[in-house]
Amino acid sequence: MTIIPPVDFNLQSTINSHGWYDLPPFRTNEHKSELETIISLSKLKHVHIRIREMNSVVEIVPMNKTIRLSKTEKEKIKNIVRSMLRIDEQLNVFYLLCKKEKHLRWVPKRQAGRILRSPTMFEDIVKMMFTTNCSWALTKIMTEHLTHKLGAKTSDGLFSFPAAETIAKKSEKWLRKEISCGYRAPYLLKLCKDISNKKIDVESFRSSDISTEELYEKLCSIKGIGHYAAGNILKLIGRYDYLGIDSWVRKRFSELHKNGRKVSDDVIEQHYNRYGTWRGLICLMEVTADWHT
DNA sequence: GCGTCCAGGTCTACC
DNA sequence: GGTAGACCTGGACGC
């Protein structure tokens with residue numbers, strides 16, 4: 001399976017855009033030039049794939065050579081990969097903005113700005129919930145426990161990200177103990193039950209045409225998702241109006257713009273306001289610039 | 001090895 | 001509307 005990406009696409013920059021590549025079922029190689037994950041086509045069919053870029057073409061290789069995929073299933077996998085890698089995202093205006101700023105000229109040069117997302121919105125929301133109020137090490141532990149204990153095992157020994165319905169069947173006590181997600185357990189359980197009972201349809205968020213403010217409010221109405229998490233989930237939807245400020249952004253901003261002096265979130269917000277609807281992505285590029293060098 | 005303290009966002013009760 | 005405290009875990013630190 002292959003995808004012809006636009007000329008401004010770069011797989012390595014997309015993989016390296018943020019920490020998602022480090023959370024299972026994602027995994028990558030040393031140079032972050034290839035990405036593996038599991039695409040769940042149904043409750044019973046999970047396909048372990050490797051994504052790589054060869055001669056300006058994105059290749060998708062199923063890792064289980066014996067698996068049979070219909071034409072429809074192959075098309076579905078290709079569409080999910082397009083969505084994960086943000087291949088159809090138009091960044092021309094963003095790149096023009098970056099070219100005007102001396103310190104951001106590296107962004108179009110490295111074809112950065114496409115932020116890796118999970119196969120599903122649900123997976124993105126749960127992982128974002130797991131980044132709140134803890135170290136990255138704990139985020140990894142929680143995600144590893146969730147996939148290993150509730151995900152489906154593929155024939156080559158990897159585990160898929162579990163469906164909301166699977167998690168919803170577990171108790172809060174079980175999630176606390178087995179997933180190590182602590183006080184997040186009731187939030188996770190409520191989200192999964194609401195999805196199972198069709199009270200909320202998070203998968204529609206990526207293609208929704210409601211305003212960014214409304215989408216932000218919808219995200220904030222999910223227990224366990226606050227201003228930081230909602231702002232960053234919006235970036236994964238392709239809306240960059242919110243900064244999603246966390247301790248890392250505060251630290252990097254003070255180092256980059258204030259000689260290490262701490263500033264309030266209002267000061268950070270005001271600084272990026274001049275970038276309009278691209279401000280969230282500009283902020284992300286600034287604070288992660290050294291990851292790309 | 002053990003105990004203590006701290007960092008990390010979000011929620012809720014209270015003013 | 002603003003604020004303080006609780007939530008839970010891993011890691012750093014001191015003993």
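Each chain gets a letter, A, B and so on, in the order its sequence line appears, and its residues count up from 1. What you see below is based on every heavy atom in this structure, not just the backbone, and it leaves out hydrogens, waters and symmetry mates.
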Charged N to carboxylate O under 4.0 angstrom, Glu101(A) versus Arg105(A)? no

The ring-ring contact (aromatic ring centres under 6.0 Å, His included) partners of Trp106(A) (sequence neighbours excluded) come to His292(A)

| field | OP1 or OP2 of dC8(C) under 4.0 Å from side-chain N/O of Arg176(A) | value | yes

Between NZ of Lys173(A) and P of dC8(C) the distance, given in whole Å, is 14 Å

Sorted by chain and residue number, the salt bridge (charged side-chain N to carboxylate O under 4.0 Å, His left out) partners of Glu172(A) (sequence neighbours excluded) come out as Arg176(A)

Whole-Å distance, Met142(A) CE to dT9(C) P, equals 9 Å

Notebook entry, point to check: Have Ser264(A) and Asp266(A) got a donor and an acceptor in their side chains that come within less than 3.5 Å?
Noted result: no

Between CD of Glu144(A) and C1' of dG10(C) the distance, given in whole Å, is 14 Å

Here the distance between atom C1' of dC8(C) and atom CE of Met129(A), to the nearest Å, is 15 Å

To the nearest angstrom, the CG-P distance between Asp265(A) and dG2(C) comes to 13 Å

Residues 42-52 of chain A vs side-chain hydrogen bond (donor to acceptor under 3.5 Å, both in side chains), sequence neighbours excluded, gives Glu36(A)-His48(A), Glu36(A)-Arg50(A), Ser40(A)-His46(A), Lys45(A)-Glu73(A), His48(A)-Asp156(A), Arg52(A)-Glu59(A)

Would a distance-only check, ignoring hydrogens and angles, find a side-chain to backbone donor-acceptor pair under 3.5 Å from Thr154(A) to Leu158(A)?
-> yes

So the ring-ring contact (aromatic ring centres under 6.0 Å, His included) pairs with at least one residue in residues 249-270 of chain A (sequence neighbours excluded) are Phe253(A)-His257(A), Phe253(A)-His271(A), Phe253(A)-Tyr272(A), His257(A)-His271(A)

Hits for ring-ring contact (aromatic ring centres under 6.0 Å, His included) against Phe159(A), two or more places apart or cross-chain, chain-then-number order -> His148(A)

Between NZ of Lys140(A) and C1' of dT9(C) the distance, given in whole Å, is 16 Å

ring-ring contact (aromatic ring centres under 6.0 Å, His included) filter on Trp20(A), not counting sequence neighbours, yields His18(A)

Here the ring-ring contact (aromatic ring centres under 6.0 Å, His included) pairs for residues 123-147 of chain A, sequence neighbours left out, are none

Between the protein and nucleotides 12-14 of chain C, which nitrogen or oxygen pairs come in under 3.5 angstrom?
none

Derivation of the side-chain contact (heavy atoms from CB on, under 4.5 Å) call for Ile115(A) and Thr14(A): CA-CA 6 Å; Ile115(A) 313 172; Thr14(A) 305; over 6 Å; no

Could Arg206(A) and Asp124(A) be called an ion pair, given the rule that one side-chain N must be under 4.0 Å from one carboxylate O? yes

What protein N or O atoms touch nucleotides 2-4 of chain B N or O atoms at under 3.5 angstrom, if any, and at what distances?
none

Whole-Å distance, Glu172(A) CD to dC8(C) C1', equals 13 Å

Identify every side-chain donor-acceptor pair in residues 217-231 of chain A under 3.5 Å, counting partners at least two apart or on other chains, and give the distances.
{"unit_1": "Ser221(A)", "atom_1": "OG", "unit_2": "Lys218(A)", "atom_2": "O", "d": "2.5"}
{"unit_1": "His227(A)", "atom_1": "ND1", "unit_2": "Tyr216(A)", "atom_2": "OH", "d": "2.7"}
{"unit_1": "Tyr228(A)", "atom_1": "OH", "unit_2": "Thr131(A)", "atom_2": "OG1", "d": "2.6"}

Heavy-atom contacts, protein to nucleotides 9-15 of chain B, under 4.0 Å, summarised as B (base), S (sugar-phosphate only) or - (none) per nt, yield BSSS---

Terminal axes of the helix from dG1(B)-dC15(C) to dC15(B)-dG1(C) (5 end pairs apiece), angle rounded to 10 degrees, sit apart by 40°

